[in-house]
Protein chains: 2
Amino acid sequence: MAVTDEAIEKIKDMIVSGALRPGDRLPKESELAADLGLSRNSLREAVRALSLIRILDVRQGDGTYVTSLDPQLLLEALSFVVDFHRDDTVLEFLAVRRILEPAATAMAASRISEQQLDALGAQLDKLGDSPSVEELVAADLDFHRGIVQSSGNSVLCSLMDGLSGPTTRARIWRGLTQEDAVSRTLHEHRAILAALRDRDTEAARSWATVHIASVEQWLRSSL
Amino acid sequence: MAVTDEAIEKIKDMIVSGALRPGDRLPKESELAADLGLSRNSLREAVRALSLIRILDVRQGDGTYVTSLDPQLLLEALSFVVDFHRDDTVLEFLAVRRILEPAATAMAASRISEQQLDALGAQLDKLGDSPSVEELVAADLDFHRGIVQSSGNSVLCSLMDGLSGPTTRARIWRGLTQEDAVSRTLHEHRAILAALRDRDTEAARSWATVHIASVEQWLRSSL
DNA sequence: TGTGCTGAGACATCGGACGTCTCAGCACAG
DNA sequence: CTGTGCTGAGACGTCCGATGTCTCAGCACA
C-alpha cells in the first residue's frame, strides 16, 4: 500500500481510537510526517483527502484540526459524490427519497414544534403564487429540510440533504416548471403542512408520498 | 481558494460536463498540472482526494483514470465516513436503516428471482444453528445485501451497504451475541425468506421491520 | 508462434526553499 | 489602566527538481 494511504489509515485510526478527539489539533505537518515516517508532501496528500470529506479542517497559518465529526458535516461529502451521477441514476436517487421522505414527514408530525409550523407557514406565504425557478428550488429545499429536521434524526436529515441537494433538484425543476407543476407543488406543500398541524401522522406520510411520486412520475415520462 | 481546491473543482467540472467520461484517462500529471496552472505536487493532492472518494483511479506506472462512477463505487466512500461516528449516533443510523430495509425488502418480494431465493435459503442452511460471531456478522450482511440487491435499486443497495457496513454491525453484534439473540435472528431471517418466497410484500415488510426493531430495542436498552 | 527481455513513460516519494497567513504578545497612545 | 496597532514566530501553501518503482508495449530469440 502506498505511504499516503497508510497515512490516511493511521490518522483515521488515531481518531477512531480516541487518541485524537473532535476539535483536537494535530501535530504540525513536519512533525506528523516524521512520526508517521513519510515526507511532508506525501502527508499533505493524506491530509487533503481527509479534509475533502470533512474529517480534518486545515487552517492556513494556524494548524490542522479534527472537525466536530457531526453526521451533518460528514454526510455533506455525500452531495459532492451525488453531483457526479448522471440523469439515468437520478430516478434511483429519487426512489430512495420516496422511501425516506414520507417516513421523515410522519416522524415530524408527532414531534414538530408550533414555532416550526409557523415558520414553515410563513415561508409558504412569502413565496407567493408564481415564484421564479430559483426561488422555488430554494423554497422547496427549505420546506423539506425544515420538516426533516423536525424528525429529530440528524443522520436522516443530512442524508436527505445530500441525496437531494441543490444540483439534483435544479436538474429536475428545470423541466418541471414548464408544466402546471408549480401550482400543484405549492398546493401539496400546503397539504403537508396542514397534516403536520393536525399531528396526523398518516396524512402527513401520504401527502409526502404523493408529493414525491408526482415528481417521479413526471421525471419518468420525460426521460 | 487554494489552488488545490480549484483543481478539485476543475477536475470535477470536467467530469460532470462530460469532457471526461467514465473510464477515460487523464493527461499525465505534469501536463494536467501545467494546464490547470499549478505544480505537480499540488495537483497530486487534488487527485489523491478524488481518488479517496473513488472518482479517480490512479494506477502506478500506467496513468490516472476516471472510475466507472457507479453509485455502488461512489457510495463506498460512505462507509469510510460512517466509521468515524461514535456509539451515540449509531442509533440514528439504525433508525434510518429501519426505514430503508423494510421498504427494500418489500420491493424485493415482488422482484426477487427463484434463483436468488434458493441462494438465500442455501446460505441460511449452511450457517447452522450456532455460528461464531464473525460468521454471523458476515452471514447477516450477506443475507440482507442479497435481498436489497433484488430490490433493483442500486443506489438503495449501496446506501444500505454504506450505512450498515461491517464495522457498525460488528460493533452491535459484539454485545448482541451474548443474549439469546442469535437464534432469534436466525429465526427472523427464515421468516423473511418465507415471506419473499410467498411474494407477500406486506409480510416481508413487517418481518424486516420486526427484525431491525428488535436490534434497535436491544441497542437502546444497553447504551 | 510463443516466450522473455528491455526501455519508455507514468506515478511514488522525497527534501528543501520560499511565500502567505494567523495569532499571541509587546509597545504606545489615549 | 485600557485599547489599538505593530511585529515576529510558527504553521500551512506552493513550487521545483531528483530519484525510485511500476506497467506495458514492442522487439528479439527460441
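Only heavy atoms go into these numbers, but all of them, side chains included; no hydrogens, no water, no symmetry mates. Each chain gets a letter, A, B and so on, in the order the sequences are listed, and its residues count up from 1.
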* Candidates A:Glu216, A:Glu101, A:Arg98, A:His189 - the one meeting side chain to side chain donor-acceptor pair (under 3.5 Å) with A:His211 -> A:His189
* **Length of the CG-C1' vector between A:Asp62 and D:dG13, whole Å** => 14 Å
* Asked: Nearest-Å distance, CD (A:Glu31) to C1' (D:dC12)?
  -> 14 Å
* Structure fact -> Taken to the nearest whole Å, CD1/A:Ile8 to P/C:dT13 is 11 Å
* To do: Report the residues that fulfil side-chain contact (heavy atoms from CB on, under 4.5 Å) with B:Ser154, sequence neighbours left out, ordered by chain and then residue number.
  => A:Glu92, B:Pro71
* **Nucleotide C:dA12, atom C1' - distance to CG of A:Leu38 in whole Å** => 12 Å
* Structure fact -> Taken to the nearest whole Å, CD/A:Glu29 to C1'/C:dC18 is 15 Å
* **Nucleotide nearest A:Ser39 (side chain, heavy atoms from C-beta), chosen from C:dA12, C:dT13, D:dT14** => C:dT13
* For B:Thr64 and C:dC11, is the shortest distance between a side-chain N/O and OP1 or OP2 below 4.0 Å? -> yes
* **Residue A:Arg59 excluded, over 12 heavy atoms near CZ under 6.0 Å** => yes
* Counting just side-chain N and O atoms, does A:Thr4 come under 4.0 Å of either OP1 or OP2 of C:dA12? -> no
* Asked: Using 4.0 Å as the upper bound for N to carboxylate O, is an ion pair formed by B:Arg48 and A:Asp5?
  -> yes
* Minimum-distance nucleotide (side-chain atoms of B:Gln60 versus D:dC15, D:dG20, D:dA11) -> D:dG20
* To do: Measure the acute angle between the ring planes of A:Phe93 and A:His85, then classify it against the limits of 30° and 60° as parallel, tilted or perpendicular.
  => perpendicular
* Structure fact -> Contacts of B:Asn41 and B:Lys28 projected onto DNA chain C by closest heavy atom; the upstream (5') one is B:Lys28
* Structure fact -> A:Arg48 atom CZ is separated from D:dG13 atom C1', nearest whole Å, by 8 Å
* To do: Select one nucleotide: of D:dC12, D:dG20, D:dT14, the one nearest the side-chain heavy atoms of B:Val3.
  => D:dT14
* Mind calculating the distance between CZ (A:Arg44) and P (C:dT13) to the nearest angstrom? => 16 Å
* To do: Give A:Arg59 one of three labels, base, sugar-phosphate or nothing, depending on what nucleic acid heavy atoms sit under 4.0 Å from its own.
  => sugar-phosphate
* Find the runs of at least 3 consecutive base pairs, i with j, i+1 with j-1 and so on, that include DNA chain D, using Watson-Crick or G-U wobble geometry with both distances under 3.5 Å. => C:1-30 with D:1-30
* **Separation between OG of A:Ser158 and CD of A:Gln149, rounded to the nearest 0.5 Å** => 9.0 Å
* **C:dT13 OP1/OP2 closer than 4.0 Å to side-chain N/O of B:Arg40** => no
* With sequence neighbours excluded, residues passing ring pair (Phe, Tyr, Trp, His ring centres under 6.0 Å) with B:Tyr65 -> none
* **Gap separating the CG atom of B:Asp57 from the OG1 atom of B:Thr64, nearest 0.5 angstrom** => 8.5 Å
* Under 4.0 Å between a side-chain N/O of B:Ser30 and OP1 or OP2 of C:dA10, yes or no? -> no
* To do: Return the value, rounded to whole Å, for the distance between atom CG of B:Asp5 and atom P of D:dG13.
  => 9 Å
* To do: Give the nucleotide from the list D:dA11, D:dT14, D:dT23 with an atom nearest to the side chain of B:Ser42.
  => D:dT14
